[in-house]
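All ligand and atom numbering here is 1-based and tracks the order in the structure.
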Amino acid sequence: MRYFVKIGLEVHLELRTKTKMFCDCLNDPAEKTPNINICPVCLGHPGTLPVINREAVRKVIKAGLALNCHILEEPRFDRKNYFYPDLPKNYQISQLYQPLCRNGFLEIGGNKIRIREIHLEEDTGRLIHSSEGDYSLVDFNRAGVPLMELVTEPDITSAKKAGEFSRELQLIFRYLDISDADMEKGQMRVEINISLSKSQSDFGTKVEVKNLNSFRAVERAAEYEIKRQSKLLDEGKKVVQETRGWDPSKEVTFSQREKEEAQDYRYFPEPDLPPLHITQDIIDRLKAEIPELPDKKRQRLQRQYGLGKEAVEVFVQNKDLGEYFENVMSELRRWIRDIEKKSKVEEKEFFELARLCSNYMITDLQGLLKGASVEDENFLISPEDFAEFVTLIYKGTLSSKIAKTVLQEMFSKGLDPSCIIEEKGLALISSQSEIEKIVKEIVSQNPKPVEDYKKGKENALQFLVGKVMAKTKGRADPKVTRETLLRILGSS
Ligand code: ADP
Ligand code: ZN
Ligand code: MG
């Protein structure tokens, strides 16, 4: 039996703000020394009052705008009451009735995933269960850190799409610069809700899976649940509505607790905080701060530079490298105009330069960078120099073999390419007479391959070209070499 898969996500995101959500303690959940970024407010001492962090509110609205949400005019905060040792106030300030954002969507791979809401709340502290004795420690550095929660409708239809959607969200959050959204560090946490049904319009019993701290875990857990639930349904059994955990080493989900009825958190409007007033003016100003988002950028890079899908994706995922690429391309545009004195930049020529540029950037330069960024202080190649490097390859002054050596030198010394070529004597030999001299030498030293070629063995020619290249350390112009060889072999 085949089933329809429905997956809805709940995504938590620690916002990168200077201070915590309701007090002016430092927002630094990575702080190693426990309980130093704390104060009476985030410890929930009686008599203290929370103050709303505007920066956090702005960041959530930005996320909402980027995800096509409606921004509420009067969002409010609510109390979610429950006791847990990592929650010093015994309630969490969250938003239930009037969140900041509602009714958005993200289109991905032709599918529209609706976003039910995005709200703002506060993170809890961290419990450290002792491995030695029968006790746990609690660190409140994280208590009160601004936490954004995004809830989707169950519109995702496969495990792979759940992974893709989560990755795209992370990329958008990073473009918006609202969080580093690192899953491994717990800055972004994804929970999946998943159900199977026999018809598209039916809703099966959903299971929630928590503790997914990588995209791989999101995909693998969804795959596992699809298999597990299919099997149950095939056997005529029922899926139990429950919360399950994910064991990354065994790659299985396991039951954590059954959800017999909705838990009663006794939500009520937070009496210590006023409602917010989000004016059109605020929305307009935040809209203006939103940079070009990944999908727009994909389309533009494709259109403007004629890049293939894979190259586009490298530059979209690696924002720094993408910006560097575009800086180099604007240098190259200038080169065509000012040096080559062409009034109109031909698209064909520009696309060919873009292709060369992106190839050398993605394979060779990234290889040299070894994961470091072009934004780093010790990255020495200016966009002008990289552009010059590309023009030298384009004009045939640098063979592809020598190009790698030159790039290596540019990378380690920060010198411009013509300087390196001159210093190391690396320029391409394209002088007819010079090449002819070398070709004649090679021909006289290799009578056997010459014979073979004359008997019709085509690859003997390649062998001789290789000999010329070896003799010149790759500097002989391949086109001239080939032509000269053909001419000399044909006339002798
Ligand atoms: P609950 O009240 O149990 O928390 P909600 O309706 O608030 O459930 O939804 C929580 C999450 O579960 C949302 O992301 C939603 O898209 C998802 N969800 C709801 N129903 C289903 C379903 N039948 N299958 C898969 N996901 C679902
Ligand atoms: Zn505090
Ligand atoms: Mg819910």
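Taking every heavy atom of Val151 and a limit of under 4.0 angstrom, the matching atoms of ligand 1 come to 13 (C), 14 (O). Counting the atoms of ligand 1 from 1 in the order shown, those under 4.0 Å from a heavy atom of Gly204 are 23 (N).
Note that Arg79 lies in the cation-pi zone of Tyr91, set by a 6.0 Å cut-off to the ring centre and a 45° limit from the axis. Arg333 forms a cation-pi arrangement with Phe350, by the criterion of a distance under 6.0 Å to the ring centre and an angle within 45° of the ring axis. In this structure, Lys319 forms a cation-pi arrangement with Tyr175, its terminal cationic atom sitting closer than 6.0 Å to the ring centre and no more than 45° off the ring axis.
Counting only protein N, O or S atoms, the number found under 2.8 Å from the Zn ion (ligand 2) is 4.
In the candidate list Glu191, Arg114, Lys206, Glu117, Lys206 is nearest to atom 21 (C) of ligand 1, counting heavy atoms.
Contacts between Glu153 and ligand 1 below 4.0 angstrom, taking non-hydrogen atoms only, involve the backbone exclusively. Only the side chain of Arg116 comes within 4.0 Å of ligand 1, counting heavy atoms alone; its backbone N, CA, C and O stay farther away. At a heavy-atom cutoff of 4.0 Å, ligand 1 is contacted by both the backbone and the side chain of Asn193. With a 4.0 Å cut-off on non-hydrogen atoms, Leu9 touches ligand 1 through its backbone and not its side chain.
Taking the side chain as every heavy atom from C-beta outward, Phe389 and Thr391 never approach each other to under 4.5 Å.
For ligand 1, none of its N or O atoms has an N or O atom of Glu10 under 3.5 Å away. By the 3.5 Å distance cut-off applied to N or O atoms, Ile7 is not counted among the residues near ligand 1.
Classified by interplanar angle (parallel below 30°, tilted 30° to 60°, perpendicular above 60°), the ring pair Tyr82/Tyr265 is perpendicular.
A distance of 6.0 Å or more separates the ring centres of Tyr360 and Phe386.
We find that Glu14 and Arg189 are joined by a salt bridge, their nearest charged nitrogen and carboxylate oxygen being less than 4.0 Å apart. For Lys296 and Glu292, the salt-bridge test fails: no basic side-chain N is under 4.0 Å from an acidic carboxylate O.
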What donor-acceptor contacts under 3.5 angstrom involve side-chain atoms of residues 23-30, with partners at least two apart or in another chain?
unit_1	atom_1	unit_2	atom_2	d
Asn27	ND2	Leu15	O	2.9
Asn27	ND2	Thr17	O	3.3
Asn27	ND2	Thr17	OG1	2.9
Asp28	OD1	Ala30	N	3.4

**Message:** The test is salt bridge (charged side-chain N to carboxylate O under 4.0 Å, His left out); show your working for Asp180 and Lys185 and say whether it passes.
**Reply:** CA-CA 9 Å; Asp180 293 333; Lys185 289 182 184 152; over 6 Å; no

